[in-house]
Amino acid sequence: MSRPTTLADKLWDAHVVHAQDGEPDLLYVDLHLTHEATSPQAFDGLRLAGRTVRRPELTLAVEDHNVPTASQEVTDPVSRLQLETLRTNCAEYGVELYRLGHARQGIVHVVGPQLGLVQPGMTVVCGDSHTATHGAFGALAFGVGTSDVEQVLATQCLTLERPRTMAVEFTGALPPEVGAKDMILALIGAIGVNGARGHMIEYRGEPVEALSMEGRMTLCNMSIEAGAKVGLIAPDRTTIDYLAGRRHTPTGSAWQQAAAYWQTLRTDRGATFDRTVTIDVSHLTPLVTWGTNPSQVVPLSGVVPAPDDLTDPGERAAARRALEYMDLTPGTELRSLPIDVVFLGSCTNGRIEDLRAAAAVLDGRTVHENTRMLVVPGSMTVRAEAEQEGLHEVFLAAGAEWRLPGCSICLGMNEDRLTGAQRCASTSNRNFEGRQGDGVRTHLVSPQVAAATAVAGRLAVPADIR
Amino acid sequence: MNFEIHSGRAVVLARDDIDTDQIVPAEFCRRVVKSGYADALFANWRKEPGFVLGRPENQGASILVAGRDFGIGSSREHAVWALKDGGFRVVVAAGFGDIFRRNALNNGLLPLDLPYAELGRLTGQIAAHPGLEVVVDLRECTLRLGGTCWQFEVEERGRRMLLRGEDAIEAVLQHGGLISAHEARRPAWLPTVG
Ligand code: SF4
């Protein structure tokens with residue numbers, strides 16, 4: 001019998017095109033996802049070198065980072081040029097594009113899985129750091145830069161050093177109103193923003209198995225915020241049920257074959273990981289970030305921590321700077337913080353289940369008069385599904401904005417940006433300085449907390465507003 | 001432009017966990033070109049009075065010395081393009097974000113790792129000898145300042161790319177036969193777009 005192997009290593013081995021001692025491996029890419037923000041220079045590179053796209057039918061392009069979400073009209077010339085460049089490039093190289101207005105347009109990490117394009121055992125690459133999202137399906141998914149986008153377009157391969165493996169074992173039973181977002185924030189808080197640098201994480205344990213595919217995507221999505229290269233979950237019944245009948249999943253006997261193969265994709269008993277981290281979720285409560293990176297996180301029921309309590313001088317200095325930027329004083333109760341804007345959306349929490357969770361909290365209530373709430377569905381499909389269920393009516397009746405799909409104020413690239421010293425409770429994944437606009441203060445939260453906060457006008461959990 | 005040996009003045013930006021959103025804010029990532037990003041480099045931090053990169057004595061510096069874990073977060077290669085457009089050839093830090101490190105090597109910018117304690121020694125020396133040039137030799141993997149020498153490591157593929165200006169894509173295209181062989185082995189049920 002062969003040596004017991006981890007799932008990540010199995011997937012890696014299955015995609016090695018060429019290996020040589022002392023050299024990185026050449027890995028085949030089964031699916032390449034791309035968007036307007038990190039691809040123009042890659043297509044230019046191809047053009048300059050006179051190269052073609054090796055397998056155009058293995059690349060899907062979407063418009064997401066730089067699309068407006070208030071209307072479908074792009075007025076800014078710089079933004080328009082970027083979108084038009086993607087359209088020209090896709091037409092020239094024969095790449096399928098879901099452009100603004102298309103019925104399947106949306107955030108790249110929401111669209112791919114919804115279509116069934118991401119399946120267990122695949123390698124997925126995208127010029128975007130949150131590509132590990134697709135690991136939720138038991139796929140090996142990497143975020144890369146533009147030079148590597150060009151390499152994938154030209155060769156359908158990537159030259160990569162094999163990362164180390166890391167098991168994140170979640171134990172215990174998840175309390176009600178605590179979810180995948182809190183689980184991943186708890187991990188990042190425990191190991192830090194570089195805690196998984198150079199590793200492929202496999203999320204394991206009963207609380208992970210209990211998550212829906214949407215929850216699993218939320219969990220894997222933020223792997224990069226712990227520095228990981230990959231974050232994945234072994235496929236199971238939940239995965240297979242989710243995939244059944246989607247636009248790009250196999251049918252008939254191919255489905256039987258594929259499903260049989262997917263069930264073999266597990267870490268072998270006795271396989272060893274380079275590292276293991278265990279997180280007990282039994283006593284987990286809703287979390288919120290107080291600082292300027294996702295590891296600066298505390299229970300929402302707590303207070304702003306004091307830098308002086310930190311032993312590491314580097315962390316102490318960073319905490320001081322974060323508090324200054326966030327305009328916070330140690331000891332302040334997080335629940336007392338007034339919130340100007342609530343953002344529900346992004347590739348972390350812009351899926352149908354996230355909208356359902358938030359709508360359930362908001363139902364029959366109104367957004368606080370001093371607070372603005374933006375609801376930005378992750379894709380046109382999510383938007384249509386939500387409208388079918390009447391969720392948009394809940395949001396609109398509460399006084400929230402029901403917008404069009406896109407990355408929006410997750411990254412503040414275009415006019416979807418906040419200004420001044422506004423404080424935002426956001427379901428996205430990054431609370432970096434200026435991420436949502438120069439000077440803007442971001443607190444990362446779950447969809448349930450976002451909805452409760454919108455009603456309270458201050459950071460709140462659902463129980464606070466009932 | 002091949003990188004064998006580089007000497008230049010260093011500027012110290014003593015912060016840990018500098019993410020690529022700080023290096024280039026998102027609004028600049030709407031551009032479709034690969035150069036001309038000098039105005040984007042640390043655009044928000046530059047607005048702070050006294051920001052170290054804005055000081056007259058640091059103009060013309062080509063070696064950026066940061067704290068721990070430089071270039072975390074977003075995959076935007078614009079961060080590397082902007083550092084290069086800002087005149088930098090080397091970034092010294094105690095650790096780099098994986099994607100940033102790779103982007104840097106793909107663009108001829110050297111990400112130079114030093115242990116945190118050594119980084120402290122280096123910044124001490126820089127402060128003690130303002131204006132003195134730092135010499136980075138990629139052939140021998142050494143960094144020298146005054147009488148002090150530090151040894152560093154770089155992954156071999158990246159080092160080769162910097163030293164010889166090797167074309168990463170051309171190197172992969174050499175394996176066209178192996179790529180086709182792999183394609184022939186892929187299960188038929190795998191999805192295609194469209
Ligand atoms: S929603 Fe935010 S994190 Fe996700 S792809 Fe868009 S910009 Fe990146």
Side-chain angles (χ1 to χ4, degrees), chain A residues 17-18 22-24 26 28 30 37-38 40-41 44 51 57-60 66 78-79 81-82 85 96 116-117 119 122 127-129 143-148 150-151 154-157 159 161 193-194 197-198 227 229 248 250 254 257-258 293 314 318 411-414 430 432-435 438, chain B residues 14-17 19-22 25-27 29-34 43-45 47 67-69 72-78 80-81 95-100 102-103 106-107 116 155-157 167-173 175-176 178-179 181-183 186-194:
Chain A
V17 167
H18 176 62
E23 287 291 314
L26 187 62
Y28 196 80
D30 291 320
T38 61
Q41 299 84 355
D44 267 354
R51 290 175 179 139
E57 77 282 15
L58 299 185
T59 291
L60 172 67
N66 194 10
V78 179
S79 297
L81 176 64
Q82 193 177 49
T85 302
E96 178 89 357
L117 271 174
Q119 298 169 16
M122 291 172 61
D128 188 278
S129 62
V144 298
T146 298
S147 298
D148 285 338
E150 186 180 335
Q151 183 176 133
T155 69
Q156 205 58 36
C157 292
T159 330
E161 301 275 353
V193 289
N194 302 297
R197 156 94 34 91
K229 261 202 120 51
H248 289 283
Q257 266 182 36
N293 77 48
L411 91 163
M413 186 178 232
N414 54 15
R430 288 193 170 132
F432 295 154
E433 281 183 35
R435 173 80 177 178
D438 190 13
Chain B
R15 289 184 197 174
D16 294 344
D17 299 321
D19 60 79
T20 53
D21 273 79
Q22 308 315 316
E27 55 182 296
C29 302
R30 295 180 304 153
R31 299 179 185 168
V32 295
V33 291
K34 228 174 166 166
N44 288 342
W45 285 359
K47 295 179 202 158
R68 272 188 283 220
D69 302 312
I72 63 169
S74 161
S75 65
R76 58 189 71 169
E77 204 159 301
H78 311 70
V80 170
W81 301 331
F96 292 88
D98 279 338
I99 307 178
F100 176 88
R102 204 172 152 87
N103 290 345
N106 279 337
N107 284 277
Y116 191 54
E155 56 154 288
E156 197 42 42
R157 169 184 176 266
D167 179 338
I169 296 180
E170 203 46 53
V172 176
L173 288 171
H175 298 299
L178 291 172
I179 302 172
H182 180 89
E183 286 174 333
R186 295 173 77 232
W189 72 71
L190 284 173
T192 54
V193 180

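Reminder, nothing fancy here: chain letters follow the sequence lines and each chain counts from 1.
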J.: When you measure from the side chain of B/E77 to the backbone N and O of A/S147, does any donor-acceptor pair fall under 3.5 Å?
T.: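 Side chain of B/E77 to backbone of A/S147: a pair is present.
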J.: Tell me whether A/E96 contacts the main-chain N or O of B/V193 through its side chain, where contact means a donor paired with an acceptor under 3.5 Å.
T.: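 No.
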J.: Tell me, for A/T146 versus chain B, whether the close heavy atoms (under 4.5 Å) come from the side chain, the backbone, both or neither.
T.: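 Both backbone and side chain of A/T146 come within 4.5 Å of chain B.
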J.: Check the pair A/D438, B/K47 against side-chain contact (heavy atoms from CB on, under 4.5 Å), reporting the backbone distance first and the verdict last.
T.: CA-CA 10 Å; A/D438 190 13; B/K47 295 179 202 158; 2.6 Å; yes
J.: Give me the atom names and distance for the closest heavy-atom approach of B/S75 to A/S129.
T.: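 Heavy atoms only, the tightest pair is OG-N, 3.6 Å.
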J.: Among the options B/N103, B/L178, B/N106, B/D69, pick out the one with the most heavy-atom pairs lying under 4.5 Å from chain A.
T.: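 Greatest number of close heavy-atom pairs with chain A: B/D69.
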J.: Report yes if some heavy atom in the side chain of A/R51 is under 4.5 Å from a heavy atom in the side chain of B/E170; otherwise report no.
T.: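 Yes, at least one pair of side-chain atoms sits under 4.5 Å.
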J.: For the residue pair B/D98 and A/R197, establish whether any side-chain heavy-atom pair is separated by less than 4.5 Å.
T.: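 SC-SC contact between B/D98 and A/R197 confirmed.
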J.: side-chain contact (heavy atoms from CB on, under 4.5 Å), that's the test. Do B/V172 and A/V17 meet it? Break it down for me.
T.: CA-CA 10 Å; B/V172 176; A/V17 167; over 6 Å; no
J.: With a 4.5 angstrom heavy-atom cut-off, which part of A/E161 approaches chain B: side chain, backbone, both or neither?
T.: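 For A/E161, side-chain heavy atoms alone lie under 4.5 Å from chain B.
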J.: Could you check which of B/D17, B/N44, B/D16 has the highest count of heavy-atom pairs closer than 4.5 Å to chain A?
T.: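 With the most close heavy-atom pairs to chain A, the winner is B/N44.
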J.: With rounding to the nearest 0.5 angstrom, report the CD to CZ distance, A/Q82 to B/R31.
T.: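 Result: 11.5 Å between the selected atoms.
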J.: Highest number of heavy-atom pairs under 4.5 Å with chain A: which of B/H182, B/E155, B/R30?
T.: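 Greatest number of close heavy-atom pairs with chain A: B/R30.
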J.: Once you round to the nearest 0.5 Å, how far does OG1 of B/T192 lie from CG of A/L117?
T.: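 The OG1 atom of B/T192 sits 8.5 Å away from the CG atom of A/L117.
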J.: Taking all heavy atoms of A/M122 and all of B/L190, pick out the closest pair and write down the distance.
T.: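 Looking at all heavy atoms of both residues, the shortest contact is CG-CD2, 3.7 Å.
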J.: About how many Å separate CZ of A/F432 and CG of B/D21, when rounded to the nearest 0.5 Å?
T.: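 Here the interatomic distance stands at 6.0 Å.
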J.: With a 4.5 angstrom heavy-atom cut-off, could you sort out which part of B/F96 is near chain A: side chain, backbone, both or neither?
T.: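 Contact with chain A involves the backbone of B/F96 alone.
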J.: What part of A/E433 is in contact with chain B, defined as an atom under 4.5 angstrom from a non-hydrogen atom: side chain, backbone, both or neither?
T.: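 Both parts, backbone and side chain.
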J.: Kindly indicate whether the side chain of B/P191, heavy atoms from C-beta on, has any atom under 4.5 Å from the side chain of A/Q119.
T.: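 B/P191 reaches A/Q119 side chain to side chain.
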J.: Take B/S74 and A/R430 through the side-chain contact (heavy atoms from CB on, under 4.5 Å) test and state the conclusion after the steps.
T.: CA-CA 9 Å; B/S74 161; A/R430 288 193 170 132; 3.5 Å; yes
J.: As an exercise, state the distance from NE2 of B/H175 to OG1 of A/T159, rounded to the nearest 0.5 Å.
T.: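 The OG1 atom of A/T159 is 8.0 Å from NE2 of B/H175, to the nearest 0.5 Å.
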J.: Under a 4.5 Å cut-off applied to non-hydrogen side-chain atoms, are A/D44 and B/K34 in contact?
T.: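 SC-SC contact between A/D44 and B/K34 ruled out.
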J.: Strictly distance-based, threshold 3.5 Å: is any side-chain N or O of B/Q22 a donor or acceptor partner for the main-chain N or O of A/G434?
T.: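 Judged by distance alone, no pair lies under 3.5 Å.
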J.: Considering only heavy atoms and a distance below 4.5 Å, find which of A/N293, A/N194, A/N66, A/L411 pairs most often with chain B.
T.: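 Looking at each of A/N293, A/N194, A/N66, A/L411 in turn, A/N194 comes out on top.
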J.: Of the backbone (N, CA, C, O) and the side chain (C-beta and beyond), which part of B/V33 lies under 4.5 Å from a heavy atom of chain A, both, or neither?
T.: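 For B/V33, backbone heavy atoms alone lie under 4.5 Å from chain A.
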J.: If we define contacts as heavy-atom pairs under 4.5 Å, which of A/P40, A/G412, A/P24 has the most with chain B?
T.: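 Result: the option with the highest number of such pairs is A/P40.
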J.: Based on non-hydrogen pairs under 4.5 Å, which of A/G145, A/G143, A/C157 is most in contact with chain B?
T.: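 The option with the most such pairs is A/G145.
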J.: Using non-hydrogen atoms only, which part of A/L26 is less than 4.5 Å away from chain B: side chain, backbone, both, or neither?
T.: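 When you check distances to chain B, only side chain atoms of A/L26 fall under 4.5 Å.
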J.: Could you tell me which residues satisfy side chain to side chain contact (heavy atoms under 4.5 Å, CB included) with B/A168, sequence neighbours excluded, listed by chain and number?
T.: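 Only A/Q151, B/R157, B/M161 meet the side chain to side chain contact (heavy atoms under 4.5 Å, CB included) criterion with B/A168.
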J.: Please determine, among A/A318, A/G314, A/A154, the option with the most heavy-atom pairs under 4.5 Å with chain B.
T.: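 Most pairs with chain B among the choices: A/G314.
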J.: Out of curiosity, B/I179 CD1 to A/Q156 CD, how far, rounded to the nearest 0.5 Å?
T.: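 Nearest 0.5 Å value for the CD1-CD distance: 9.0 Å.
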J.: What part of A/V78 is in contact with chain B, defined as an atom under 4.5 angstrom from a non-hydrogen atom: side chain, backbone, both or neither?
T.: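 The answer is both parts of A/V78.
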